[in-house]
Amino acid sequence: MSGPKLNTGPARGMRDFLPVDVRRRAFVIDVVTRVYQSYGFEPLETPAVENIETLLGKYGEEGNQLIYKILKRGEHESTGQADLALRYDLTVPLARVVAEHRAKLPRLFRRYQIQPVWRADRPARGRYREFYQCDVDALGSTSAAIEAELCGAVSQVLTELGFEDFRIRLNHRELLRAVLQAAGVPEGLHGEALIAVDKLDKIGPEGVTGELTARGVAPQAARALLGVFAGGEAENGALLSSLEAFVTGGAAGVAVPACLENLREILALTEGTPAAGRLRVDPSLARGLSYYTGAIFEIAVPDLAGSLGGGGRYDGLVGMFSGEQVPACGFSLGLERILVVMGERNLFPPALTAAPADVMISVFRPEDLGRAMQSALVLRQGGLRVFVYPDVDKMGKQLKYASGCGIPCVAILGESELAAGTVSIKALASGRQDTVALADAARTIQDFLGEVRG
RNA sequence: GUGGGCGUAGCUCAAUGGUAGAGCACCGGCCUGUGGCGCCGGACGUUGCGGGUUCGAUCCCCGUCGCCCACCCCA
């Protein structure tokens, strides 16, 4: 038995899910699924592995580097070339599916998808290399009603899970472009400028100015940008008005940019959804994925540095596969981010840590095990979760085992019970014990369970 | 990728330049059909891995791997 000790931990950034973990995950997934379905979203699943060219070039430079690539197999492995990759998110595979199966899908396709994705990122708190995303996406419409319903659906999920303090940060890719342009930041420096501006709450206005000029932004443009982004806690309407003044140069009679109209409409429409009051226009929100074309979102809670989820409109992605432009918008919730915060805030129902079974059957002679299994069947047909103790240990040890795993009742099949066709039911918490006919045992156990659970 | 911290029994952690202990958990007994409490006893480690200094390293030094925190980024 003794050999070299192998590292028994999972690979870096990966996790084993023990029973208590799986129960918690299933609890959250159940809520997410139920809410998404209630908004008319249909289920979809796609393969873990995609052809590598499906994924490359969709996420921006950083995303490209974080894709897990799969080497060619067999004699081609030595070439070091990769032809497959693990999916990096659920959005690009969705776009591929829609491009492939367009004719079979409804014109206004709404789907949800809860599956793992893989990123070769550095693990941290709430960040793993394999993690689950809970995506909802709606294709085929450019209406702001889509954005509003998506915000409503994720808000309802979070509210039902017990979150009361989340905010949805809202911005728009076109607005971002217009602001940078109006500030005089050249197109090529937009990415650099956004990284700097994003640090505003950490390093302050002076720090951002320094960072901007260090990245090549002219001092005048840097000052102009700060004027926009340092707006503080302005209310959504006022913020949009000042942004409008900035991007139009304050000139009267200039047409209101479509992106601002779009944001105003989204804000108005969400007032009739569970997302009411949750949205905050945030001109500094950028988001890393390059496929976004319109509104972008990110969900924030105070006690988590990262986000609980994010999303946005990507009207060009399906067209990258099929050539046919199909407008689309989606939102993604990060399952493990939700679990981390729920764990810290004790938002899980206590019953989730419950025992593996309602009752454990005890016997004391090897020849009685067959009768124990028959009795278990009777109890299972009575709706109970039944665990048959497989060994013939002393009663004390068996009771201790049941007690230790939190199994609330023990059904004792000793010599006298077997002879009489009865079973003794003991409730461990109270110590109460009744001997009843096997046919009545399930009901007795249910009664005992009822007392324990109040 | 940058900076800092930590790797000792199944778990949580002590300790010392002279080859390691406690609590919990586990097993057995007190108690041969009744658990939790108590008492008694038992088993348990190549001190992450490799190398160096040393008469001798778990401790000091170097490397390596793994984990944690901060920055960065995101779900």
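Chain letters run A, B, ... following the sequence lines, proteins first and then strands; every chain starts at 1. The model shown is predicted, which means the values in this text are computed figures rather than measured ones.
Across all strands shown, C71(B) forms a Watson-Crick or G-U wobble pair with G1(B), both key distances being under 3.5 Å. Base pairing annotation: A43(B) forms no Watson-Crick or G-U wobble pair, as no partner gives both donor-acceptor distances under 3.5 Å.
Residue R287(A) is classed as a sugar-phosphate contact, given heavy-atom separations below 4.0 Å to backbone atoms only. K397(A) comes within 4.0 angstrom of sugar-phosphate atoms only, judged by non-hydrogen atoms across all strands, and of no base. Heavy atoms of Y128(A) sit under 4.0 angstrom from at least one base atom. Across all strands shown, Q398(A) has no heavy atoms under 4.0 Å from either base or sugar-phosphate atoms. If you check every strand for non-hydrogen atoms under 4.0 Å, Q65(A) touches nothing. Contact annotation for L308(A): backbone-only contact, meaning every heavy-atom pair under 4.0 Å involves sugar-phosphate atoms and none involves a base.
For R177(A), the CZ atom is loosely surrounded, since the number of other residues' heavy atoms within 6.0 Å does not exceed 12. The environment of Q181(A) atom CD is sparse: at most 12 non-hydrogen atoms of other residues, nucleotides or ligands sit within 6.0 angstrom.
Residue whose closest nucleotide on RNA chain B sits further toward the 5' end, between P123(A) and R127(A): P123(A). Heavy-atom distances to RNA chain B give each of G13(A) and S307(A) a nearest nucleotide, and the one nearer the 5′ end belongs to G13(A).
The pair D447(A)-R432(A) fails the salt-bridge criterion, with no side-chain N (NZ, NE, NH1 or NH2) lying under 4.0 Å from an Asp/Glu carboxylate O.
Ring-to-base geometry places F131(A) in a stacked arrangement with A75(B) (centre distance under 5.5 Å, plane angle under 30°).
Among the candidates R167(A), R287(A), R169(A), the single residue satisfying the salt bridge (charged side-chain N to carboxylate O under 4.0 Å, His left out) test with D282(A) is R169(A).
Contact annotation: K394(A) side-chain N/O to C27(B) OP1/OP2 distance is not under 4.0 Å.
The interatomic distance linking L428(A) (CG) with G36(B) (P) rounds to 11 Å, in whole Å.
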